[in-house]
Amino acid sequence: MKPAPAWRRHVGWLWLSLMSFTALILLITYETRWVHPEIHAYFSQSGNLTGQQLATRSRGYLQESLGLLLEGADEPAHRERALFQLELAYSLFDIGLYRREYACTEPNLARLDRLGQRLQAGEAPTPTELNRSLLAPIGCLTEIEMGQLDRRGLATNQFVEETRRHQTLVLLGSLLIYVLGIVFWWMHERQRRSAERATRESLKWMSRAMLDPLTGVGNRSALNEEIVQREGRPVGLLLIDIDFFKQYNDALGHPDGDRLLRRLAMLIDESLAGQARLYRMGGDEFAALLDCHEDATLAGDCQRLTEQLRAASLDHPAHPHSDHVTLSIGAARFIAGEAGLALGYAAADQALYRVKGEGRDGWEVARVEAAAGNAGA
């Protein structure tokens with residue numbers, strides 16, 4: 001038997017669609033007297049995630065930042081966390097609609113920008129300065145929230161009134177409903193894809209916020225996050241400093257200095273066989289974090305890194321003691337955790353400065369007694 005022609009199959013689907021829409025129109029006619037409260041409930045959306053505004057989330061981040069700074073503005077960790085919350089709030093606050101429609105937006109964004117610069121510079125604002133810098137933006141965001149809610153209420157009331165006036169035209173507009181149903185489905189699908197794309201971009205932005213833009217390795221915030229994830233595990237930390245990097249920049253220029261930083265990031269990763277997480281702590285200082293149960297393993301990593309750098313023979317025309325780039329390395333082993341990181345970082349940093357004091361181009365593994373004891377060393 002020959003299969004039915006394609007046009008007949010299409011007509012069959014069209015007939016089923018028409019029957020479905022006809023049944024829908026009959027249902028709408030029957031339910032007209034109850035449709036108004038359902039529409040009102042849908043558009044109100046008060047208190048749920050769908051109705052939440054950008055201003056609401058931005059205000060929440062500012063309040064978290066204020067709480068952190070009031071709790072301990074003198075502590076670098078509190079300032080870093082507060083700065084991160086402040087940057088999130090700024091990105092949600094700084095949109096075209098708020099700038100156009102609300103006069104308080106521009107001056108309060110400027111306040112947040114000045115506060116962010118102070119936090120980045122390591123300054124600790126006083127409670128009075130915090131109130132002056134953050135309470136005004138919080139108040140502005142509250143004003144925006146109320147304004148947006150008023151607009152939503154006005155739009156809802158207008159829609160309800162239009163629905164009441166046009167209830168008698170529901171049947172006559174059935175054909176229009178067919179078309180609008182398709183258009184609305186298409187618009188919903190486009191909006192859904194746009195929301196998914198925005199979510200992916202937001203996640204990508206958050207991921208970039210944890211990376212050093214020059215080398216692509218993690219930053220200090222990423223190191224703290226990794227320590228939290230590895231809490232309770234024995235880890236080793238290497239602090240790696242490029243010897244006479246300023247002289248390198250002065251001799252060859254900052255573009256060559258940037259290329260050297262990227263090259264060294266790759267060399268460190270290769271030397272540690274891809275087993276370590278790398279971070280740029282600022283300037284010419286790198287950190288490497290890896291699982292480690294013995295000081296001997298950490299010493300072997302330091303030695304291997306030093307040997308591979310020497311084998312790479314990277315020219316350093318301004319090095320006072322060598323023709324090639326050299327590194328100073330301080331290392332320590334500890335149990336991952338907030339307290340362990342503080343002890344381990346301090347020990348590795350002291351070891352690094354001892355290496356520098358002894359002429360650079362070397363390494364030292366410091367012993368952290370509390371951490372090493374817990375690690376079973």
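Sequential numbering from 1 along the given sequence is applied to the chain's residues. Being a predicted model, the structure only gives us computed values, none of them experimental.
- Salt bridge status for Asp258 with Arg262: absent, with no side-chain N to carboxylate O gap under 4.0 Å.
- The closest side-chain heavy-atom distance from Leu327 to Phe286 is not below 4.5 Å.
- In terms of heavy atoms, Gly344 sits closest to Ala332 at O-CB, 3.5 Å.
- Look at Arg360 and Asp241 and you find no salt bridge, because none of the NZ, NE, NH1 or NH2 atoms lies under 4.0 Å from a carboxylate O.
- Ion pairing of Arg99 with Asp94 is present here, as a side-chain N (NZ or NE/NH1/NH2) and a carboxylate O approach within less than 4.0 Å.
- Hydrophobic clustering, with ILVMFWY side chains joined whenever heavy atoms are under 4.5 angstrom apart, groups Tyr102 together with Ile95.
- Ring-plane geometry between Tyr248 and Phe245 is classed as parallel, the angle between the planes falling under 30 degrees on a 0 to 90 degree scale with a further cut at 60.
- Side-chain atoms of Leu112 and Leu134, non-hydrogen and from C-beta on, do get closer than 4.5 Å to each other.
- Considering only heavy atoms from C-beta on, Val217 stays 4.5 Å or farther from Leu211 through its side chain.
- By the neighbour-count criterion of 12 heavy atoms within 6.0 Å, atom CZ of Arg118 is densely surrounded, having more than that number from other residues, nucleotides or ligands.
- Atom OG in Ser271 sits 7.5 Å away from atom CZ in Arg304 (nearest 0.5 Å).
- The cluster map of Ile, Leu, Val, Met, Phe, Trp and Tyr, joined by side-chain heavy atoms under 4.5 Å apart, puts Leu305 and Phe244 in different clusters.
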Inset, instruction - Dump the intermediate steps for side-chain contact (heavy atoms from CB on, under 4.5 Å) on Leu239 and Ile329, then the final yes or no. - result: CA-CA 6 Å; Leu239 295 183; Ile329 306 170; over 6 Å; no
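- Inter-residue side-chain proximity for Leu290 and Leu238 is flagged as met; some heavy-atom pair is nearer than 4.5 Å.
- Between Tyr61 and Leu88 there is a side-chain heavy-atom pair separated by less than 4.5 Å.
- Residue Glu338 qualifies as open at atom CD: its count of foreign heavy atoms under 6.0 Å is 12 or below.
- Considering every non-hydrogen atom in both Pro137 and Leu62, the closest pair reads CB-CD1, 3.8 Å.
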Inset, instruction - Give the C-alpha distance, both sets of side-chain angles, the deciding distance and a yes or no for side-chain contact (heavy atoms from CB on, under 4.5 Å) between Thr326 and His316. - result: CA-CA 9 Å; Thr326 60; His316 190 325; over 6 Å; no
Inset, instruction - Give the C-alpha distance, both sets of side-chain angles, the deciding distance and a yes or no for side-chain contact (heavy atoms from CB on, under 4.5 Å) between Glu80 and Asn224. - result: CA-CA 11 Å; Glu80 288 180 6; Asn224 292 331; 3.8 Å; yes
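- At a threshold of 4.5 Å between non-hydrogen side-chain atoms, the residues Asp113 and Leu109 do not count as touching.
- Residues Leu214 and Ile240 share a single hydrophobic cluster, defined by chaining ILVMFWY side chains whose heavy atoms lie under 4.5 Å apart.
- Residues Ile144 and Leu97 share a single hydrophobic cluster, defined by chaining ILVMFWY side chains whose heavy atoms lie under 4.5 Å apart.
- To the nearest 0.5 angstrom, Arg114 atom CZ is 9.0 Å from Gln117 atom CD.
- Closest approach of Tyr98 and Ala55 over heavy atoms only: OH-N, 3.2 Å.
- Between Thr215 and Leu264 there is no side-chain heavy-atom pair separated by less than 4.5 Å.
- Looking only at distances, no side-chain donor or acceptor of Arg333 sits under 3.5 Å from a matching main-chain atom of Gly236.
- Note that the CG atom of Asp301 and the CD atom of Gln275 stand 9.5 Å from one another [nearest 0.5 Å].
- In the hydrophobic cluster analysis, where Ile, Leu, Val, Met, Phe, Trp and Tyr join through side-chain heavy atoms closer than 4.5 angstrom, Leu223 is grouped together with Leu352.
- Counted within 6.0 Å of OH on Tyr353, heavy atoms from surrounding residues, nucleotides or ligands total 12 or fewer; the atom is thus considered open.
- A distance of 11.0 Å separates CG in Leu272 from CG in Leu289, rounded to the nearest 0.5 Å.
- Atom CG of Leu141 sits about 11.5 Å away from atom CD of Gln148, to the nearest 0.5 Å.
- The shortest distance between side-chain heavy atoms of Arg81 and Phe84 does not fall below 4.5 Å.
- The distance from atom CG of Leu343 to atom CZ of Phe334, rounded to the nearest 0.5 Å, is 9.0 Å.
- The two residues Ser328 and Asp243 make their nearest non-hydrogen contact at OG-OD1, 2.6 Å.
- The minimum heavy-atom distance linking Ala276 with Asp269 is given by the pair O-OD1, 4.2 Å.
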Inset, instruction - Using the side-chain contact (heavy atoms from CB on, under 4.5 Å) rule, take Leu135 and Leu66 through it: C-alpha gap first, then chi angles, then the decisive distance, then the call. - result: CA-CA 9 Å; Leu135 290 182; Leu66 176 60; 4.1 Å; yes
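- Of all the heavy atoms in Ala222 and Tyr279, the pair that sits closest is C-CE2, 3.7 Å.
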